[in-house]
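When reading the values below, keep in mind they use all heavy atoms of this one structure, side chains included, and skip hydrogens, waters and symmetry mates.
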There are 6 protein chains.
Amino acid sequence: MRKSAIYPGSFDPISNGHLDVIRRASKIFDEVIVGVSLSADKNPAFALADRVEMAKAAIGAAEIKNARVLPFDCLLVDFAKSQGVKLIIRGLRAVSDYEYELQMGYANESLDPEIETIYFMPSLQYAFISSSVARSILRHGGDAAHLIPRGAAELVVQKSAKFARKNQLN
Amino acid sequence: MRKSAIYPGSFDPISNGHLDVIRRASKIFDEVIVGVSLSADKNPAFALADRVEMAKAAIGAAEIKNARVLPFDCLLVDFAKSQGVKLIIRGLRAVSDYEYELQMGYANESLDPEIETIYFMPSLQYAFISSSVARSILRHGGDAAHLIPRGAAELVVQKSAKFARKNQLN
Amino acid sequence: MRKSAIYPGSFDPISNGHLDVIRRASKIFDEVIVGVSLSADKNPAFALADRVEMAKAAIGAAEIKNARVLPFDCLLVDFAKSQGVKLIIRGLRAVSDYEYELQMGYANESLDPEIETIYFMPSLQYAFISSSVARSILRHGGDAAHLIPRGAAELVVQKSAKFARKNQLN
Amino acid sequence: MRKSAIYPGSFDPISNGHLDVIRRASKIFDEVIVGVSLSADKNPAFALADRVEMAKAAIGAAEIKNARVLPFDCLLVDFAKSQGVKLIIRGLRAVSDYEYELQMGYANESLDPEIETIYFMPSLQYAFISSSVARSILRHGGDAAHLIPRGAAELVVQKSAKFARKNQLN
Amino acid sequence: MRKSAIYPGSFDPISNGHLDVIRRASKIFDEVIVGVSLSADKNPAFALADRVEMAKAAIGAAEIKNARVLPFDCLLVDFAKSQGVKLIIRGLRAVSDYEYELQMGYANESLDPEIETIYFMPSLQYAFISSSVARSILRHGGDAAHLIPRGAAELVVQKSAKFARKNQLN
Amino acid sequence: MRKSAIYPGSFDPISNGHLDVIRRASKIFDEVIVGVSLSADKNPAFALADRVEMAKAAIGAAEIKNARVLPFDCLLVDFAKSQGVKLIIRGLRAVSDYEYELQMGYANESLDPEIETIYFMPSLQYAFISSSVARSILRHGGDAAHLIPRGAAELVVQKSAKFARKNQLN
């Protein structure tokens, strides 16, 4: 049977930890759809189009052939249905992630019982990387290149100049 | 001895998990006061008056006779004192809840040593329901009727039309 | 309505943290039954009869009039039924407690849906006291008198002489 | 690509929670190998052969065609290699599980970098079922039939008579 | 060897828990630098200059001679470098703290491998005090004097009048 | 001021994670005393003398000059007093560690208020190494050399032959 899986998130911006999950999932499943959610209520640092562009650049540079990037702005279960996919992939990093994920997983199941979610633990070297750490370093003009995948790093720097300016005014 | 207990929260909106705690507490204590806090700092999705109305509707539909709903906008210990009640009820859902609750419980005790707090675990079918999940579904136009008590569900839909509009503008 | 509650545990030995829960519960409920379980599979340090005697001594010294101590060696739900009680009290101390308690609570509910369990957080000064800490101090001949209630402390010292000897032979 | 996965554990005894993971994994992968480990250091309640027999009975009764049961008594990575499988499946139930699993996952990865582990959260109705709860009920002569899969339940009762006798002598 | 350590935070406002860490660290190290970060992204309740002033007042009143207070608005590792210090001190209060701290610690290490971070657990009586609890009490006009160190308490009351007004308008 | 610190544990056997803490502490303090506790109640896999020997070998091979190894069989606070040391060092690895450590820390403080405990997080590459993982690999004849420090590794292999035999008989 051909198996596709959706890896949803806000990817604000894509990190080496995200790319690690994509790479590992791409070895298990026939296709991995990286779903970049609008996440308006989280007030993301980067625009949706920028986040999609950075994710595409990272996947291209890593030469992962069976992954593609799509934006979405609806319930995850509706996005999955629109793609004809029933399998969701999520990364787990910490206990607080774990509980949030449980809640989301059961909420999705309550909306569509056919949806199945499976979880990856991070590879050790990426275990404590997060987009929020990367953003915090960028905000102070630090170097986050070791947290951001090759290909996306330059885009992040370029686009975060704008973002750093916006924060300075606050 | 006659025992009253206060069940405080923002009830934004009331969920089946909340109603479950109210129902179970109403079997143990002579009276349950559902205290709806203004919670201005949490920037609630529904207005205080709407949250009170939804809680009343849910309790009415569930025919819980010894529960009543009151709004409050002061420290919980002061609200309890104003009602002549020394017992607080809280629901626990997750480890992160647990720590927050510990902190709040000790803070309340430091403000009024006569205050006692007891905790309910959720019934299994409500273990992962939360108001924030319900809001997230409503925000995307999904159906949250299975998370919201009968009686309150129509009110939530009606009042969240306004709320969804407000979010779209952000 | 008259309300009784069961506070079950192995009480190996009773600690100041246990006594604190008993005292606080005795102010909320008309009667508190301290149920001392045999807990053979936990390989307790003190004999069941000794644990009952120590709990009685502590409650007597604290002059808690509406608490009584009973041993039991069956499922908790069956003990509750035999006493005509539907309410269980448990103390929570840590995240690991919390998860164990959730599991036990749902297991009990699955065996008898009428059983209700409520939880107390420890008073701050007892938050990190446990019977196992007390035993570890006793095992090395240290002074655990500040962890053990007045009335029980002498019994614990006297009975743990035997226990320390037994451990030395291991 | 044809995908096999190993679901290892002590299955002491197999529970409805285990069977739920097997059923869901069998829909995602072409073959699920249920690996029953000897786990001598955990001092299991049931003999290895009995645990294998109970797992087979449960899977047979559930008519899961693409799952098979094998015992093993070596490192998990060596068992996986012997089966030509690189994918491990684990269930997560609680925060403490989560940390133990992380540790084991990294240990396995350190022994064989090609091994990949993915995780399932329990379906809600099985979220708090565990073999140890089932054993605790059986030990006291209670009815654990709702925790044990059809097909295995009779075997568990029959084999645990012996087990209860052994515990009574302790 | 002479040892200096930096204790960074937003100190919004300084609490008895913070002061306890400063006092204990000042007994272990030759100098403790209390680094008050701007933390613009956390939207602090008190202005940076006010937070510095309150921290100084608390340390002065407690007569801790080898601690001094400095504001900073850059990456922590850069602040440490500017002070010629390689040792960071952090307080831990809860599981959620713990995970956040791990993430920050590894992020700092990734930016400067020479940086070392050590952690203090709170003294029991301060275990559940936090600046956010103090702010929440102040917001409702309650008395938080038992949470705020002598010397800083009057400043906090005086400066939070303004802060309460600002909140009332929200 | 000259600063000594005790790093206590069962070191059963010493791991790369332990050695990492010793190395980092040796840079902060003038002397690090590695206290190997008898821990009879934990039923250790290696004899006390063997554990001391392995720790000495690892520290020797790592050329850490200001660390020395001592066995002890009493309460930690009494061992500290006998060495004239007031500072305890502990490593933290996981949430469950964290809670256990809090409990022990407060117990020690209750026995000797002058005792201070500080905590190290593991370096990332050692974050999920534990003696129990190493033992589990050794028990199955696997290669744990990457978990055990140079110098101690050969001793561990040699001494665990005996240990594996003992386990096989169980």
Colleague: Begin with the C-alpha distance, continue with both residues' side-chain angles, and end with the deciding distance and a verdict on side-chain contact (heavy atoms from CB on, under 4.5 Å) for C:Phe120 and B:Thr117.
Modeller: CA-CA 7 Å; C:Phe120 285 80; B:Thr117 312; over 6 Å; no
Colleague: Can you name the nearest heavy-atom pair linking C:Lys3 to B:Ile28, along with the distance?
Modeller: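 Looks like CE-O, 3.4 Å.
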Colleague: For B:Leu87, which atoms come within 4.5 Å of any heavy atom of chain C: side chain, backbone, both, or neither?
Modeller: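 B:Leu87 touches chain C through side-chain heavy atoms alone.
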Colleague: Atom CZ in C:Arg90, atom CE in B:Met121: separation rounded to 0.5 Å?
Modeller: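 Rounded to the nearest 0.5 Å, the CZ-CE separation comes out at 10.0 Å.
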Colleague: Output all residues satisfying salt bridge (Lys or Arg N to Asp or Glu O under 4.0 Å) with B:Glu114, sequence neighbours left out; order by chain, then residue number.
Modeller: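 Counting only residues at least two positions away or on another chain, B:Glu114 forms a salt bridge (Lys or Arg N to Asp or Glu O under 4.0 Å) with B:Lys86.
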Colleague: Which atom pairs, one a donor and one an acceptor, fall under 3.5 Å between side chains of residues 7-21 of chain C and the rest of the protein, sequence neighbours left out?
Modeller:
| unit_1 | atom_1 | unit_2 | atom_2 | d |
| --- | --- | --- | --- | --- |
| C:Asp12 | OD1 | C:Ala45 | N | 3.3 |
| C:Asp12 | OD1 | C:Phe46 | N | 2.9 |
| C:Asp12 | OD2 | C:Ala45 | N | 2.9 |
| C:Asp12 | OD2 | C:Arg135 | NH1 | 3.4 |
| C:Ser15 | OG | C:Gly17 | N | 3.2 |
| C:Ser15 | OG | C:His18 | N | 3.2 |
| C:Ser15 | OG | C:His18 | ND1 | 3.3 |
| C:Asn16 | ND2 | C:His146 | O | 2.9 |
| C:His18 | ND1 | C:Ser15 | N | 2.9 |
| C:Asp20 | OD1 | C:Ser123 | OG | 3.1 |
| C:Asp20 | OD2 | C:Arg24 | NH1 | 2.9 |
| C:Asp20 | OD2 | C:Ser123 | N | 3.3 |
| C:Asp20 | OD2 | C:Ser123 | OG | 3.0 |

Colleague: Quick check on the interface: out of B:Ala5, B:Pro122, B:Gly105, who has the most heavy-atom pairs with chain C under 4.5 Å?
Modeller: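 With the most close heavy-atom pairs to chain C, the winner is B:Pro122.
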Colleague: Side chains of C:Ile89 and B:Ile118, heavy atoms from C-beta outward: is any pair under 4.5 Å?
Modeller: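 The answer is no; the side chains never approach within 4.5 Å.
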